[in-house]
Each structure stands twice: as structure tokens, then as C-alpha cells.
Amino acid sequence: MNKPVILTGDRPTGPLHIGHYAGSLSNRLRYQESHEQFLLLADMQALTDNANDPAKVRRNVVEVALDYLAVGIDPNRTTICLQSHLPALAELSMLYLNFVTVARLERNPTIKDEIRARGFGRDIPAGFLCYPAAQAADITAFKATVIPVGEDQAPLIEQTNEIVRRVNATAGLAVLPEARAVIPEAGRLPGIDGKAKMSKSGGNAIPLSASSDMIRAAVRAMFTDPGHLRIKDPGQIEGNVVFTYLDAFDENKAELEELKSHYQRGGLGDGKIKNRLEDILQALIAPIRKRREEISTDQRYVLDTIRQGTEIARERTEATKREVIEALGLFQL
Ligand code: TRP
């Protein structure tokens, strides 16, 4: 029996952080047992909003691959591949642009939010507006049916399936499978400043490569309850980043519940809960950092891993592209 195919990816615009770990990397470690898993280093998609800085994207390809390997992604079980070196993805993207309207792209809630957040105004790069079609190419080229993504990405999967249905209807056969978004329950971790989202570029993240001093400083600086002035005062759990992170990383749930009610009653200081979180994060990151340092001394191994994965992915994606072209009945020489 073939295992179901799973595809996820990351835009290589900065090192991955503990938010990625909680929200996706830890799941990817499990999926490599149960699924056929592809991880896409989405450097072409990264350019859709970083066209002015291709060097940043280039540098981060290896950084993100190192993060994958350091957390325990096993290249023998998970195929790590580089988007820009998979021409079938670009070809399918062009093809799919004929199966989606500009109005539909503009209505995509993810795109709308991102356009606002990036302050593009009226100067939206065409590649950015169209990246949902390119992501549909990524997903379908691998015939991936399970797509674990953050909640914000769900509209992209919906749009992928619309394209799939139009292509299949035109071809008169189900050449492409539909995909299903799998949204992790945990939700997205906020930044250490309490801002909505931990971001690679926002200066509010704890990278998986953080030194132990960086971890300490980040936890010390972490947003708690601004109304919790004296230890004996009752404190708030909601919006308190330390507790949000403890919820994500503290395995001793019984003790954590105890601490929460103590904090809410009053008499538990921020220092205590920060110490607990710091210990947990130090223990989580130390082995990742160590492995990352070891692997990064062997750049050849990292490059070979990406090369070999990309080779496997190339065969897969070329085969799908040929099938789609044939199913649509385009001229073949
Ligand atoms: N859009 C995803 C992100 O920003 C990255 C991505 C590119 C992706 N292609 C994909 C995710 C295909 C899932 C499937 O994180």
C-alpha cells in the first residue's frame, strides 16, 4: 500500500524558530513515519515578497535545511527539495494561471491580509498576487493530499482545490487529486513581545539556533501581565506569553495547571514562571543547537542532501506535469 503523500514547505527568509517547532516541525517528525513526506525549500515563493534581496533567500536555503536536519528530519525518510530547481513547478504554475481569475486571486483572504501586512498598497508584485497558483502547482505536482499548514494558509488549499476541479473538468478525468489542509490544534505561537505572530524577521522570535544566553535574554524580556506589579497580586494567564509558551512546551500539564491557578490567585512571581520556561526551552534547544553545529561543519553533506532530494522530486514533478499536459490534450511533439 502506498502511503499518503504529504507536502509542506517554508520560505527561506530566515532561520526557523520555536514557533515553527511547536506548530509544524514536531508534526513533520511524526509524519515521516506514517506518510511519504516532501519538504519544499520554497525559494521561488520567498522571492514573491523579497525580490529586492535574493541574497537573503539564497543564504537561508542552507539555514532552513540545517534546521530541518538538526531537529531530526531524516533525509532517508523525508525528501528535502529546492523549489527553484524544479522546473515543472514553474510550468504548472503558468498553466494554472489560466484556471484562476485575477478577481479570485485578489479575493483570497490570505493574500488580502498579506498585502495589507506588507504595505504593498497599489504596487503588488504580480508574482505575489499569483503565488496561490504556484502553491497549487507545488501541491499537485507531488499529488500531495495532506497539507499541514497554519490556519492562515487554509484559503490557499481551498484555492488549490478549485484549480484542481477546473483542470479535471477540462480534462474530463480526475488527473489531479484534491488536497486537505490539516491545521494543528496548537495554533500559532505569539512573539515574545506578545504580538500576534512570532516572525523570522520581527525580532520577536527564539530561533532554533539560539545560544543559551539568547534564550535567557528572550525569556527575561518576555511579555507577561503588565498589571501584575507585586508578587502577591493576582495575575492574568490570558495573553501572558510565558503561559502560552508553557502550554506549548511544558509536558507536566498537572503541575502547569497548579501554577496557573497559583498565579491567578496571587503570590507567584513572574521570575518563577520564567525560570521554569527557561529551563524547558534550554533543554529543548540545546540538543538541536549541538546537532546544528555538527552538521554545519559538513556543508557538503547538507548540499548533497538537498541535491539528492531535489533529484527525486524532479522525477516526481516532471511525471505529473506530463500527465496534466496529456490529460488536457495539448499538442505533443
Ligand atoms: N506558503 C508556505 C509558507 O509561507 C510555504 C509553502 C510553499 C508551502 N509551497 C507550499 C506550504 C506547499 C505547503 C505546501 O509557509
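Not measured: the values here are computed from a predicted model. For ligands, and for the atoms within them, numbers begin at 1 and follow the listed sequence.
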Quiz item: With a 4.5 Å limit on heavy-atom distance, are the side chains of Gln32 and Ile73 in contact?
Solution: yes
Quiz item: So which protein heavy atom does atom 4 (O) of ligand 1 come closest to, and at what separation?
Solution: Arg11 NE, 3.3 Å
Quiz item: Which residue holds the protein heavy atom closest to atom 9 (N) of ligand 1, what is that atom called, and what is the gap in Å?
Solution: Asp138 OD2, 2.8 Å
Quiz item: atom 6 (C) of ligand 1: which protein heavy atom is closest, and how many Å away?
Solution: Gln135 OE1, 3.7 Å
Quiz item: Looking only at protein heavy atoms, which one is nearest to atom 15 (O) of ligand 1, and how far off is it?
Solution: Gly9 O, 3.8 Å
Quiz item: Is Arg11 positioned over the aromatic face of Tyr131, cation under 6.0 angstrom from the ring centre and no more than 45 degrees off axis?
Solution: yes
Quiz item: Does a donor on one side chain sit under 3.5 Å from an acceptor on the other, for Asn27 and Arg30?
Solution: yes
Quiz item: Between Asp67 and Tyr21, do the side chains contain an N or O donor and an N or O acceptor separated by less than 3.5 Å?
Solution: no
Quiz prompt | Pair Gln153, Gln135: side-chain N/O donor-acceptor within cut-off below 3.5 Å | solution = yes
Quiz item: N/O to N/O below 3.5 Å, does that happen between Gln83 and ligand 1?
Solution: no
Quiz item: Considering distance alone, does some N or O of Gln153 sit under 3.5 Å from an N or O of ligand 1?
Solution: yes
Quiz item: What atoms of ligand 1 come within less than 4.0 Å of a heavy atom belonging to Ala42?
Solution: 7 (C)
Quiz item: What atoms in ligand 1 come closer than 4.0 Å to a heavy atom of Thr8?
Solution: 13 (C)
Practice problem: Scan side-chain atoms only and decide if Thr224 and Asp270 contain a donor-acceptor pair under the 3.5 Å cut-off. | Solution: yes
Quiz item: Phe99 and Tyr96: aromatic ring centres closer than 6.0 Å?
Solution: no
Quiz item: Can you list the ligand 1 atoms lying under 4.0 Å from a non-hydrogen atom of Gln45?
Solution: 1 (N), 2 (C), 4 (O), 5 (C), 6 (C), 7 (C), 9 (N)
Quiz item: Any N or O on Asp10 sitting closer than 3.5 Å to an N or O of ligand 1?
Solution: no
